[in-house]
Amino acid sequence: MYKKEPKGCRVICTDEFGPLEIRPYAGTCWAPIKKPQRLPATYTRPHGVRHLLAGYDLKSDKLFGIIRRRKRSKEFLSFLKIIRRRYPHERRLIIILDNFSPHKHKKVFQWCRKNSVWLVFTATNASWMNRIEAHFGSVHYFVLKNSYPANHRELEQSIKEHLKWRNENRHNQFLKKIKF
C-alpha cells in the first residue's frame with residue numbers, strides 16, 4: 001500500500017502524539033558565552049495535557065492534525081470524520097493505525113463501515129511500520145525542543161505553524177537528510 005495505492009482509494013497514516021504539557025522542554029540553543037539559557041527546575045501542571053491527533057496523506061505527502069484534551073474513541077471518531085470530510089470524493093479511505101484500544105471501539109467500526117473507511121492495523125509493538133511515526137521526530141525537534149510554552153494555545157499555534165511550514169517545504173532535499 002505504501003508503494004502503490006489501490007485504485008480509487010486514499011491511504012492515510014494516523015497516530016496520536018503526546019501528552020503535550022505546559023512545561024519546560026530541554027534542548028540546545030545558541031547562547032552568549034557564559035550566559036546559558038536556564039530552564040526552571042520545578043514547575044506545576046495546572047493546565048492538564050493535550051494530544052495531537054495527526055494524519056499523513058501518502059499521496060500528497062502532507063501532514064495535518066488537531067489538538068484534543070483527551071484521546072478516547074470519541075475524539076478518534078471525530079478525527080476520522082474530519083479526515084472523511086477532507087476527502088469527500090475518494091471512493092474509499094484506507095487508514096493505517098496502531099492497536100490502541102480507542103481505535104477498536106464498536107462505534108468506530110460501525111461508522112467506518114457506513115462511510116467506506118478501511119482500518120488497517122499495524123502489528124503489535126510495530127508502530128514504527130506506520131509512516132507518520134517518522135514525522136513526529138520533527139514535531140519534537142522543531143516545536144518542543146528548548147521551549148517553554150506559556151499555555152496550550154501557544155503550544156497548539158506552534159504545532160500548527162510547524163505543520164504548515166513542513167507541508168510548504170516537503171520537497172526540500174536538505175530536510176529529508178536531517179536525522180532527529
Side-chain angles (χ1 to χ4, degrees), residues 1-21 48-140 142-144 152-172 175-176:
M1 257 186 281
Y2 286 149
K3 297 243 185 223
K4 188 178 177 193
E5 292 184 340
K7 197 170 189 172
C9 298
R10 182 69 67 124
V11 179
I12 309 291
C13 298
T14 64
D15 203 4
E16 296 83 17
F17 181 73
L20 300 167
E21 304 173 276
V49 299
R50 301 293 187 272
H51 304 275
L52 170 65
L53 283 76
Y56 174 57
D57 182 345
L58 290 175
K59 188 174 187 175
S60 66
D61 188 26
K62 289 191 176 182
L63 285 172
F64 55 91
I66 58 170
I67 306 280
R68 294 291 183 253
R69 290 180 183 266
R70 300 177 73 178
K71 55 179 187 177
R72 304 170 297 179
S73 60
K74 179 181 176 181
E75 286 78 15
F76 179 65
L77 184 57
S78 74
F79 184 55
L80 286 177
K81 290 176 182 178
I82 290 169
I83 294 172
R84 190 60 181 147
R85 282 194 304 270
R86 197 176 170 106
Y87 302 100
H89 302 295
E90 299 293 336
R91 191 176 73 215
R92 179 171 294 125
L93 290 178
I94 298 173
I95 308 290
I96 298 174
L97 62 168
D98 58 18
N99 288 293
F100 187 41
S101 60
H103 300 164
K104 297 182 172 186
H105 195 274
K106 184 173 75 173
K107 288 183 181 179
V108 171
F109 287 140
Q110 289 172 349
W111 183 86
C112 287
R113 240 181 270 115
K114 290 178 186 173
N115 292 279
S116 297
V117 175
W118 284 3
L119 301 179
V120 177
F121 295 96
T122 58
T124 305
N125 297 322
S127 60
W128 54 269
M129 293 173 72
N130 192 340
R131 289 260 174 105
I132 196 168
E133 292 288 340
H135 297 284
F136 288 151
S138 68
V139 173
H140 184 268
F142 291 114
V143 178
L144 298 179
H152 283 293
R153 191 175 306 119
E154 181 182 309
L155 180 58
E156 183 174 349
Q157 186 62 36
S158 296
I159 290 171
K160 285 180 179 178
E161 287 172 7
H162 170 71
L163 294 178
K164 182 180 178 192
W165 178 87
R166 186 261 173 217
N167 289 336
E168 290 170 356
N169 295 284
R170 68 186 181 277
H171 298 298
N172 187 325
L175 293 175
K176 293 179 181 183

Peer 1: What closest approach, in Å, do Phe136 and Glu16 show between heavy atoms, and which atom pair accounts for it?
Peer 2: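 Taking every non-hydrogen atom into account, CE1-O, 3.9 Å.
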Peer 1: Would you sort out whether Leu155 and Ile67 count as a side-chain contact (heavy atoms from CB on, under 4.5 Å), showing the intermediate values?
Peer 2: CA-CA 10 Å; Leu155 180 58; Ile67 306 280; over 6 Å; no
Peer 1: Ring of Phe64, cation from Arg86 - is the NZ or CZ under 6.0 Å from the centre and inside 45° of the axis?
Peer 2: yes
Peer 1: Could Arg131 and Asp57 be called an ion pair, given the rule that one side-chain N must be under 4.0 Å from one carboxylate O?
Peer 2: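 Looking at Arg131 and Asp57, the cut-off is not met.
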Peer 1: Please check if the side chain of Arg84 supplies one atom and the backbone of Tyr87 the other of a donor-acceptor pair under 3.5 Å.
Peer 2: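 Side chain of Arg84 to backbone of Tyr87, a donor-acceptor pair under 3.5 Å: yes, one is there.
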Peer 1: Between Phe79 and Gly55, which heavy-atom pair has the shortest distance, and what is it?
Peer 2: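 Closest heavy-atom pair between Phe79 and Gly55: CZ-N, 3.7 Å.
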Peer 1: Any donor-acceptor pair under 3.5 Å linking the side chain of Arg170 with the backbone of Ser60?
Peer 2: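 Between the backbone of Ser60 and the side chain of Arg170 there is a qualifying donor-acceptor contact (under 3.5 Å).
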Peer 1: Check for a donor-acceptor pair, side chain of Asn130 on one end and backbone N or O of Thr14 on the other, with a separation under 3.5 Å.
Peer 2: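 Pair found, side chain donor or acceptor close to backbone of Thr14.
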Peer 1: Take atom CG in Asn169; do more than 12 heavy atoms of anything else shown fall under 6.0 Å from it?
Peer 2: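 Atom CG in Asn169 is crowded, with more than 12 foreign heavy atoms closer than 6.0 Å.
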Peer 1: With Arg72, which residues qualify under salt bridge (charged side-chain N to carboxylate O under 4.0 Å, His left out), at least two apart?
Peer 2: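 Salt bridge (charged side-chain N to carboxylate O under 4.0 Å, His left out) check on Arg72 returns Glu75.
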Peer 1: Check the angle between the aromatic planes of Trp165 and Phe142 and answer parallel, tilted or perpendicular using the 30° and 60° thresholds.
Peer 2: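 Tilted.
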Peer 1: Kindly indicate whether the side chain of Phe109, heavy atoms from C-beta on, has any atom under 4.5 Å from the side chain of Leu119.
Peer 2: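 Side-chain contact under 4.5 Å: yes.
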Peer 1: Working to the nearest 0.5 Å, report the span between CG of Leu52 and CD1 of Ile159.
Peer 2: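 Between atom CG of Leu52 and atom CD1 of Ile159 there are 5.5 Å.
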Peer 1: A side-chain contact here means heavy atoms from C-beta on lying under 4.5 Å apart; do Arg68 and Arg50 qualify?
Peer 2: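 Contact flag for Arg68/Arg50 side chains = no.
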Peer 1: Is any side-chain heavy atom of Phe76 closer than 4.5 Å to a side-chain heavy atom of Lys71?
Peer 2: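 Not in contact.
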Peer 1: So which atom in Ile94 and which in Cys9 form the shortest heavy-atom distance, rounded to 0.1 Å?
Peer 2: CD1-CB, 4.0 Å
Peer 1: Rounded to the nearest 0.5 Å, how far does NE2 of His152 lie from CD of Gln157?
Peer 2: 15.0 Å
Peer 1: Enter the distance from Leu63:CG to Arg166:CZ here, rounded to the nearest 0.5 Å.
Peer 2: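 Going from CG on Leu63 over to CZ on Arg166, the span is 4.5 Å.
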Peer 1: Any side-chain heavy-atom pair from Ser138 and His162 closer than 4.5 angstrom?
Peer 2: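 Heavy-atom side-chain distance check passes, below 4.5 Å.
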Peer 1: Partners of Asp98 by salt bridge (charged side-chain N to carboxylate O under 4.0 Å, His left out), sequence neighbours excluded?
Peer 2: none
Peer 1: Would you sort out whether His51 and Val49 count as a side-chain contact (heavy atoms from CB on, under 4.5 Å), showing the intermediate values?
Peer 2: CA-CA 7 Å; His51 304 275; Val49 299; 3.9 Å; yes
Peer 1: Does Phe17 reach the side chain of Leu144, with side-chain heavy atoms less than 4.5 Å apart?
Peer 2: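 Yes, side chains in contact.
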Peer 1: Show your reasoning for whether side-chain contact (heavy atoms from CB on, under 4.5 Å) applies to His103 and Val108.
Peer 2: CA-CA 7 Å; His103 300 164; Val108 171; 5.9 Å; no
Peer 1: At what distance, to the nearest 0.5 angstrom, does CH2 of Trp128 lie from OG1 of Thr122?
Peer 2: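 Nearest 0.5 Å value for the CH2-OG1 distance: 9.5 Å.
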Peer 1: What's the spacing between Lys62 NZ and Ile12 CD1 if we round to 0.5 Å?
Peer 2: 12.0 Å
Peer 1: Please test Val117 against Trp111 for side-chain contact (heavy atoms from CB on, under 4.5 Å), starting from the C-alpha separation and ending with a verdict.
Peer 2: CA-CA 8 Å; Val117 175; Trp111 183 86; 3.8 Å; yes
Peer 1: If you round to the nearest 0.5 Å, how far is CG of Leu80 from CZ of Arg85?
Peer 2: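 So the CZ of Arg85 and the CG of Leu80 are separated by 11.0 Å.
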Peer 1: Is it true that a side-chain atom of Arg10 and a backbone atom of His89 form a donor plus acceptor pair closer than 3.5 Å?
Peer 2: no
